[in-house]
Amino acid sequence: VPESTPTARPFRQMNISQLQELAHREHWHINPADLHIPIPTQVLGAGSLGHVVAATLAGKAVAVKIRHGIADQECVAALLNELRVLRRVRHPTLVQFYGAVVDPSRK
């Protein structure tokens, strides 16, 4: 995982349970019950870590990234790094990050 700042180091050592605690502390944890992904899903895009689908969160249209089922350490590290960056970045050409569903019981 690239280290662009000193904050990257703790994220490299974090596990999913610790990420969930951070999400609650920083108020970006999303309750899965508040998120609605319609069936059939409308796929908006795909990448190496997962695919992006249309959904609603509290009645607002949102894009949701669903990671592939692969839970090896490299994929988890990439996910942690992406969340580390997205939770802080604000730019007019980027989609705003509302939060993440973090569920340690799901692999």
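Each residue takes its place number in the sequence, starting with 1.
- Taking Ile, Leu, Val, Met, Phe, Trp and Tyr as members and joining any whose side-chain heavy atoms lie under 4.5 Å apart, directly or through other members, the hydrophobic cluster of Val52 also contains Leu44.
- Residues Phe97 and Leu83 have side chains in contact (heavy-atom distance under 4.5 Å, counting atoms from C-beta outward).
- Partners of Thr56 according to the side-chain contact (heavy atoms from CB on, under 4.5 Å) rule, which considers only residues two or more places apart in sequence or in another chain, are His36.
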I would like to know whether Arg87 and Glu82 meet salt bridge (Lys or Arg N to Asp or Glu O under 4.0 Å); could you show each step before the answer? CA-CA 9 Å; Arg87 72 193 223 289; Glu82 185 173 4; over 6 Å; no
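- Gln20 CD to Arg25 CZ: the interatomic distance, rounded to the nearest 0.5 Å, is 11.5 Å.
- Scanning all heavy atoms of the two residues, the minimum distance from Ala54 to Pro38 falls at O-CD, 3.6 Å.
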Between Leu35 and Val62, is the side-chain contact (heavy atoms from CB on, under 4.5 Å) condition met? List the steps. CA-CA 9 Å; Leu35 187 64; Val62 295; 4.2 Å; yes
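- Between Trp28 and Tyr98, a ring centre-to-centre spacing not shorter than 6.0 Å is recorded.
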After noting the C-alpha distance and the side-chain angles of Glu26 and Arg88, does the key distance pass the side-chain contact (heavy atoms from CB on, under 4.5 Å) rule? CA-CA 11 Å; Glu26 293 185 348; Arg88 298 281 188 227; 3.2 Å; yes
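- Remark: Ile30 CD1 to Leu57 CG distance equals 5.0 Å, nearest 0.5 Å.
- Following chains of ILVMFWY side-chain contacts shorter than 4.5 Å, one cannot reach Val89 starting from Val64, and the two form parts of different hydrophobic clusters.
- Within the 4.5 Å cutoff, side-chain heavy atoms of Ile66 are placed close to those of Ile37.
- Contact record, Arg84 with Asn81: NH2-OD1, 2.8 Å, taken as the closest heavy-atom pair.
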